[in-house]
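Here you go, one structure.
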Number of protein chains: 2
Amino acid sequence: MTELNISGREANGARRQAKRAAARNVDIDLGPLDNWIGFYLRLAQSASFQAFTREARGVDLSPGRFATLMIIGRNPGISQTALSRANARDKSSLTPVLEDLERRRLIRRVRPKDDRRSYQLQLTPSGDRLLQELTACADKHDRNLDRIIGPRERARFLKTLKKVVAKLQEGGDANGADE
Amino acid sequence: MTELNISGREANGARRQAKRAAARNVDIDLGPLDNWIGFYLRLAQSASFQAFTREARGVDLSPGRFATLMIIGRNPGISQTALSRANARDKSSLTPVLEDLERRRLIRRVRPKDDRRSYQLQLTPSGDRLLQELTACADKHDRNLDRIIGPRERARFLKTLKKVVAKLQEGGDANGADE
DNA sequence: TATTGTTATACTCTATAACTATA
DNA sequence: TATAGTTATAGAGTATAACAATA
C-alpha cells in the first residue's frame, strides 16, 4: 500500500474515486465474510431468485411455488407431508400455498379411500400447462447460469451443493450430529 | 421402533415401507428440479443458515445481523447506504436492524460534520466483543463445511459462488453499476 | 435537484403449538 | 396413541413509495 500522497490534487482525485468505488460496493472490506460460504450462499440464492423472476416475468408464480408445482407434477398423488419434506419445509407452511394453488385451479386434492386423513395431490391440466411454461423459463435461466459457470464447472458445483445440503440436513435433524 | 409385520399383511407392510421411504424424502422424483442450481441454492442456503444458528446457539444474533456487524466492524465509519449495498439489500431494510443494534449498544451512529444527512457507523466495545464471539462460531461452522466439501473443492466452490453473484447482479441491476 | 436516511405499509415465507379427524 | 392436515399466531426479512433534512 502506497502511503505517500504527492499532491493535494491527486489525493482529492483518489478520494473521489474511493467514494465512487464505495458506492459501487468496491473497496468494502468484508473481512472473513469474504471467505465464508454461507454469506455467498445467501447472496447467490437471492440473486438467482431474482434472475428467475425476471425470466418468468408475466407468469404469476414464485420460484418456491414453481418447485411445489413441479414436485406435484412429477409425483402425482403425493401427500402434503411428503411434499413438505421434499421441500424441506414444515407442513403447516404448505397449507396456505396449496390453498392458493387449488383456488387458482392449478392443483386438485383428492381424499383417498384408504386413509381419509390425507390428501393426494395432482395437477390440473392448466396446472400442467403452467408448469410447462415455467419449466421453459427455468431452462432459460439455467442456460444463463451455464454461460456464467461453464458446463463442466457447473456439474461440480451442483454436486457440491447437493453434498452440502445432504450433510448439513443430516446433521441438523433433531439429533445433534454436532461435534 | 421395531415393527414386525406378521401374517397376511405383506402388502400393507410394503406400503408402509414405501411410505416411510417417502417420509425420508427418498423416492421423490424431483424432475428437472434435481438438476437446477437455483433449487439447491435455496436448500443449501437454508441448511447453512440453520447450521450456523445451531453453532451460535446462545448468542442472540441472526446470521444476517452478524454480517451487518462484521461489515461495520471492518469498515468503521461506513454509511448506511454503502452498507446496504455491500449487503445487497435496500437501505430501508436496514433502518430497523440498525435501530435494534443501537438499542442493544452494539453499534453507534455518528453524524459527521461535513455531511449531516448521513451516519457513520461503528461498533461499540461490546459490539466488537460479540463480533469476536460470533466469528468464532462462524469459524467452527466453516470448518464443518470444510469437512463436508474438502478444502480444495471448497476454494473452487466459493469462487463459482462469487462468480454467480457477480454476474447475476450485474445483469439484474436496474441502474447499471458501471459508470 | 440529488442524496441520506426514515416512515408507513404491506407482502412473502416460515415456524410452533394446539387443534380435528381420522387411523 | 400416532399421524395428516389445519388453524391461530407470530416473527423475520424484505421492498416500494413518499417524505424531511441536508447537500
Side-chain angles (χ1 to χ4, degrees), chain A residues 16 19-20 22-24 42-43 45-47 49-50 52-54 60-68 77-85 87-103 107 109-121 172 174, chain B residues 1 3 9 12 15-16 19-20 22-24 42-43 45-47 49-50 52-54 60-68 77-85 87-102 107 109-121 172-175:
Chain A
R16 262 202 305 277
K19 209 163 181 181
R20 276 206 307 278
R24 264 191 253 123
R42 177 164 74 97
L43 295 185
Q45 200 277 322
S46 93
F49 187 103
Q50 282 172 246
F52 176 85
T53 301
R54 278 198 303 280
D60 182 23
L61 209 78
S62 71
R65 286 173 188 214
F66 168 46
T68 300
I78 192 175
S79 74
Q80 297 189 188
T81 299
L83 175 56
S84 82
R85 280 185 176 135
N87 231 340
R89 300 283 171 261
D90 190 86
K91 59 190 161 70
S92 73
S93 310
L94 218 48
T95 301
V97 172
L98 296 177
E99 251 164 23
D100 177 60
L101 294 177
E102 193 178 36
R103 195 168 27 74
I107 64 164
R109 295 197 269 190
V110 180
R111 286 279 189 202
K113 305 271 183 267
D114 57 314
D115 186 346
R116 299 209 342 246
R117 294 171 303 182
S118 66
Y119 282 119
Q120 290 178 342
L121 305 171
Chain B
M1 181 173 232
E3 285 179 15
R9 294 285 183 147
N12 265 344
R15 216 172 293 133
R16 261 204 301 279
K19 215 162 179 183
R20 276 206 306 277
R24 266 191 251 119
R42 178 165 73 96
L43 295 185
Q45 200 277 321
S46 94
F49 187 103
Q50 282 172 244
F52 176 84
T53 301
R54 279 199 303 280
D60 183 23
L61 209 79
S62 71
R65 286 173 187 214
F66 168 46
T68 299
I78 191 175
S79 75
Q80 296 189 187
T81 298
L83 175 55
S84 82
R85 279 185 178 134
N87 230 341
R89 299 284 171 259
D90 190 87
K91 58 190 161 68
S92 73
S93 310
L94 218 48
T95 301
V97 172
L98 296 177
E99 250 164 21
D100 177 58
L101 294 178
E102 192 178 37
I107 64 165
R109 295 199 270 191
V110 180
R111 286 279 189 203
K113 303 272 184 269
D114 57 315
D115 185 347
R116 301 211 338 246
R117 294 170 303 180
S118 65
Y119 282 119
Q120 291 178 341
L121 304 171
D173 268 349
N175 47 348

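Predicted model only: the values in this text are computed from it and were never measured.
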Exercise for review: May I have the distance from A/Q45 (atom CD) to C/dC13 (atom C1'), rounded to whole angstrom?
Suggested key: 11 Å

Practice item. Establish, with yes or no, whether the OP1 or OP2 oxygen of C/dC13 is under 4.0 angstrom from a side-chain nitrogen or oxygen of A/R65. Key: yes

Practice item. May I have the step-by-step check of side chain to side chain contact (heavy atoms under 4.5 Å, CB included) for A/L98 and A/L83, ending in yes or no? Key: CA-CA 11 Å; A/L98 296 177; A/L83 175 56; 4.3 Å; yes

Exercise for review: Go through the structure and list residues passing side chain to side chain contact (heavy atoms under 4.5 Å, CB included) with A/T53, not counting sequence neighbours.
Suggested key: A/F49, A/P63

**Study point:** Selection: residues 93-101 of chain A, any non-hydrogen atom under 4.0 Å of DNA chain D
**Key:** A/T95, A/E99

Check your understanding: A/L83 has an atom CG; how far is it from atom P of C/dT14, in whole Å?
Key -> 12 Å

Exercise for review: Just call it for B/R111: base, sugar-phosphate, or nothing, with non-hydrogen atoms closer than 4.0 Å on any strand.
Suggested key: nothing

Point to revise | Close side-chain approach of A/T81 to A/L94, heavy-atom, < 4.5 Å | key: no

Review point. Taking CZ from A/R85 and C1' from D/dG5, how many angstroms apart are they, rounded to a whole number?
Key: 13 Å

Review point. Just how far, in rounded Å, is P of D/dG11 from CG of B/D60?
Key: 13 Å

Revision key, fill the gap. Heavy-atom nearest pair, B/R42 first then A/Q45, reads CA-CG, 3.6 Å

Study note, to complete from the structure: When rounded to whole Å, the CZ to P distance for the pair B/R89 and D/dA12 reads 17 Å

Practice item. Take nucleotides 17-22 of chain D nucleotide by nucleotide from the 5' end and write B, S or -, depending on whether a protein heavy atom sits under 4.0 Å from the base, only from the sugar-phosphate, or from neither. Key: B---BB

Exercise for review: Please report the closest heavy-atom contact between B/R65 and B/D100, naming both atoms and the distance.
Suggested key: NH1-OD2, 2.5 Å

Review point. Any side-chain heavy atom of A/S84 sitting closer than 4.5 Å to one from A/S93?
Key: no

Point to revise | From A/I107 atom CD1 to A/R109 atom CZ, the distance as rounded to the nearest 0.5 Å | key: 6.0 Å

Practice item. Calculate the interatomic distance between A/K113 atom NZ and C/dA23 atom C1'; express it in whole Å. Key: 17 Å

Check your understanding: Base, sugar-phosphate, or nothing: which does A/S46 touch, judged by heavy atoms less than 4.0 Å apart?
Key -> nothing

Practice item. Any chance you could measure A/R85, atom CZ, to A/K91, atom NZ, to the nearest 0.5 Å? Key: 9.5 Å

Review point. Just checking, is any N or O donor in the side chain of B/Q120 or B/R111 under 3.5 Å from an acceptor N or O on the other one?
Key: no

Study note, to complete from the structure: 5'-most contact on DNA chain D (nearest-nucleotide basis), A/Q80 vs A/R42, goes to A/Q80

